[in-house]
Amino acid sequence: MSQPKFIQAACVAAVIILGALSSNAATVAHWNFDGGTAGTAFSAMPAVDNSGNNNTMFGWDPYWGPSYSAATANGYGLSSRHDAYHQDGYSAGAPVNSWSPTTWTIEVSVRLDNVAGWNTIIGRDNSSQGEPESDFYLQNNGIDDRFRLNFDTVGGQRYVLDSDFAAVANNWYGLAITSDGSTVTMYADKSDGFGYQSVGSLALNGLNNNALSQNNSVWTFGRGWYGGSFVDHISGNLDNIRFSDTALTPVQLIPVPEPTALALGGIGAAMLFIRRRSK
């Protein structure tokens, strides 16, 4: 028996959408952690860069580095686990350490055990401007628990963008920061069925070089850097970290599926995915 036309249309649309999401033409680095083994430390099994660009993520040792975890936003695959406010991953020797794009997107799914204080989700070591602050922080701020982007540009200007909502502990969020060279926008998928929504934006100075600053230092995952010290470690999980060299649109971002999508199965999950994107 042939499928109803609306189901056929949903499947076709899902294929188109998922095809757009899986396209890696603009992907610089992508860690989904699914190639690891739950409970194994990154120091024993570094996280592979799924983009194929050899940006391996390392952990120093089982105490200081993250491990693979079966706790994920959508109930399948693996994530990175950061315990006790001292574990972080880093991109030693990776090509992405010299990445300095004018147009870019950085995505991550994050769940924090505790939102109190400063928690840096993605950071960079050192400052290209000789400042105490690092060139880049994507963090949960220690003021009112909002997600914050704080970064420096090649032109020497620092920008700070806070989201318009406060994070809640033990909740998965999809975060994405995009820059088209003129405007930086933060998107969040709050796992509430509405997909990615803009939660803040700011205009960049058109007179400056607005490319991301870089000093060939490592990117860090689960901590920040300030004044020569490693700071603001998270306790929680990270998943689907992806760097792209273009400003992606919300429909191109990696989704954080609702738990009910898994129970619906193939066609139902596709239709739920489409419903979320149509809101």
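In what follows, every heavy atom counts, from backbone to side chain, and hydrogens, waters and symmetry copies are set aside. Along the sequence shown, the residues carry numbers beginning at 1.
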Practice problem: Would you check if the side chain of N150 reaches a backbone N or O of Y137 as a donor-acceptor pair within less than 3.5 Å? | Solution: no
Quiz item: Rounded to the nearest 0.5 Å, what separation is found between the OG atom of S91 and the CD1 atom of I122?
Solution: 10.5 Å
Quiz prompt | Non-hydrogen atoms of S51 and V28 that approach each other most closely | solution = OG-O, 3.2 Å
Quiz item: So does D144 pair up with R146, basic N to acidic O under 4.0 Å?
Solution: yes
Quiz item: Can the positive tip of K190 be found less than 6.0 Å from the middle of the six-membered ring of Y173, inside 45° of the ring normal?
Solution: no
Exercise. Give, for atom CG of N50 and atom CZ of F33, the distance between the pair rounded to the nearest 0.5 Å.
Key: 9.0 Å
Quiz item: When you look at F194 and D189, which way does the side-chain contact (heavy atoms from CB on, under 4.5 Å) test go after all the steps?
Solution: CA-CA 7 Å; F194 291 96; D189 182 338; over 6 Å; no
Quiz item: Do R81 and P66 have side-chain heavy atoms sitting under 4.5 Å apart?
Solution: no
Quiz item: Taking all non-hydrogen atoms of both residues, which atom of A73 and which atom of V256 are closest, and how far apart?
Solution: CB-CG1, 3.5 Å
Quiz prompt | Set of residues satisfying ring-ring contact (aromatic ring centres under 6.0 Å, His included) with respect to Y68, sequence neighbours excluded | solution = F42
Practice problem: Would you name the heavy atoms of D34 and G77 that are closest together and state the gap between them? | Solution: OD1-CA, 3.4 Å
Quiz item: Do R111 and N171 have side-chain N/O donor and acceptor atoms under 3.5 Å apart?
Solution: no
Quiz item: Is the backbone of T102 close enough, under 3.5 Å, to the side chain of N210 for a donor and an acceptor to pair up by distance?
Solution: no
Exercise. Run the numbers on N140 and D145 for side-chain contact (heavy atoms from CB on, under 4.5 Å), then give the verdict.
Key: CA-CA 6 Å; N140 161 229; D145 298 333; 3.9 Å; yes
Quiz item: Would you say the side chain of V199 lies within less than 4.5 Å of the side chain of Y187, judging by non-hydrogen atoms?
Solution: no
Quiz item: Is I106 reachable from V154 through a run of hydrophobic residues whose side-chain heavy atoms are each under 4.5 Å from the next?
Solution: no
Exercise. Before giving the answer on salt bridge (charged side-chain N to carboxylate O under 4.0 Å, His left out), spell out for D125 and R223 the whole-Å C-alpha distance, their side-chain angles and the decisive distance to 0.1 Å.
Key: CA-CA 10 Å; D125 281 353; R223 72 158 171 84; 2.8 Å; yes
Quiz item: For L253, does its backbone N or O pair with a side-chain atom of E107 as donor and acceptor, under 3.5 Å?
Solution: no
Practice problem: Side-chain contact test, heavy atoms from C-beta onward, threshold under 4.5 Å: evaluate it for L112 versus I234 and give yes or no. | Solution: yes
Quiz item: Judged by atom type as modelled, is there a donor-acceptor pair below 3.5 Å linking the side chain of S163 to the main-chain atoms of F165?
Solution: yes
Quiz item: If every non-hydrogen atom of T37 is compared with every non-hydrogen atom of L78, which pair is closest and at what distance?
Solution: N-CD1, 4.0 Å
Practice problem: Give a yes or no on whether the backbone of D245 and the side-chain of T103 come within a donor-acceptor separation of less than 3.5 Å. | Solution: yes
Exercise. Determine whether R158 and E133 make a side-chain contact, defined as any pair of heavy atoms from C-beta on separated by less than 4.5 Å.
Key: yes
Self-check item: Shared hydrophobic cluster for Y63 and Y85 (ILVMFWY, side-chain gaps under 4.5 Å)
Solution: no
Self-check item: Worked check of side-chain contact (heavy atoms from CB on, under 4.5 Å) between W172 and D239
Solution: CA-CA 10 Å; W172 277 101; D239 201 1; 4.2 Å; yes
Practice problem: Quick one: list whatever passes side-chain contact (heavy atoms from CB on, under 4.5 Å) with V184, sequence neighbours left out. | Solution: L149, F151, L161, I177, S179, L202, L204
Quiz prompt | Side-chain donor/acceptor of Q139 to backbone N/O of N141, under 3.5 Å | solution = no
Quiz item: Side chains of F147 and D162: does their closest heavy-atom pair fall under 4.5 Å?
Solution: no
Exercise. Have a look at S79 and tell me which of N237, N240, N32 forms a side-chain hydrogen bond (donor to acceptor under 3.5 Å, both in side chains) with it.
Key: N237
Quiz item: Ignoring hydrogens and geometry, is there a side-chain-to-backbone donor-acceptor pair from R124 to N215 under 3.5 Å?
Solution: no
Quiz item: Same cluster or not: are M186 and V160 linked, directly or through other Ile, Leu, Val, Met, Phe, Trp or Tyr residues, by side-chain heavy atoms under 4.5 angstrom apart?
Solution: no
Exercise. Test T220 against F230 for side-chain contact (heavy atoms from CB on, under 4.5 Å), laying out the working first.
Key: CA-CA 10 Å; T220 59; F230 300 159; over 6 Å; no
Exercise. Working to the nearest 0.5 Å, report the span between CG of L238 and OG of S109.
Key: 9.0 Å
Quiz prompt | Any side-chain heavy-atom pair of M57 and I241 under 4.5 Å | solution = yes
Exercise. State plainly whether one hydrophobic cluster holds both F221 and V218, where clusters connect Ile, Leu, Val, Met, Phe, Trp and Tyr through side-chain heavy atoms under 4.5 angstrom apart.
Key: no
Quiz item: Taking only residues two or more places apart in sequence or in another chain, which ones pass ring-ring contact (aromatic ring centres under 6.0 Å, His included) with F136?
Solution: W219
Self-check item: A38 versus A70, closest heavy-atom pair with distance
Solution: CB-N, 4.2 Å
Self-check item: With S213 via side-chain contact (heavy atoms from CB on, under 4.5 Å) - residues at least two apart
Solution: S128, Q129, D135, D152
Quiz item: Within a strict 4.5 Å, meaning less than it, do heavy atoms of the L212 and W104 side chains meet?
Solution: yes
Practice problem: With the side chain counted from C-beta on, respond yes when L138 and V108 share a heavy-atom pair under 4.5 Å apart, and no when they do not. | Solution: yes
Practice problem: Drop me the distance from T185's OG1 to Y196's OH, to the nearest 0.5 angstrom. | Solution: 14.0 Å
Quiz prompt | Side chain Q87, main chain A84, donor-acceptor under 3.5 Å | solution = no
Exercise. Decide ring-ring contact (aromatic ring centres under 6.0 Å, His included) for W118 and Y226; before the verdict, give the C-alpha distance in whole Å, the side-chain angles of both, and the deciding distance to 0.1 Å.
Key: CA-CA 12 Å; W118 294 86; Y226 185 88; 10.0 Å; no
Quiz item: Taking the side chain from S235 and the backbone from D113, do they hold a donor-acceptor pair closer than 3.5 Å?
Solution: no
Practice problem: With sequence neighbours excluded, tell me which residues meet side-chain contact (heavy atoms from CB on, under 4.5 Å) with W60. | Solution: W64, Y90
Quiz prompt | Side-chain donor or acceptor of T105 paired with backbone N/O of T246 under 3.5 Å | solution = yes
Practice problem: Supply the atom-to-atom distance N97 CG to Q214 CD, rounded to the nearest 0.5 angstrom. | Solution: 9.0 Å
Quiz item: Got a sec, which residues hit side-chain contact (heavy atoms from CB on, under 4.5 Å) with L207, two or more places apart in sequence or on another chain?
Solution: N205
Exercise. Test F243 against H30 for ring-ring contact (aromatic ring centres under 6.0 Å, His included), laying out the working first.
Key: CA-CA 6 Å; F243 292 11; H30 183 195; over 10 Å; no
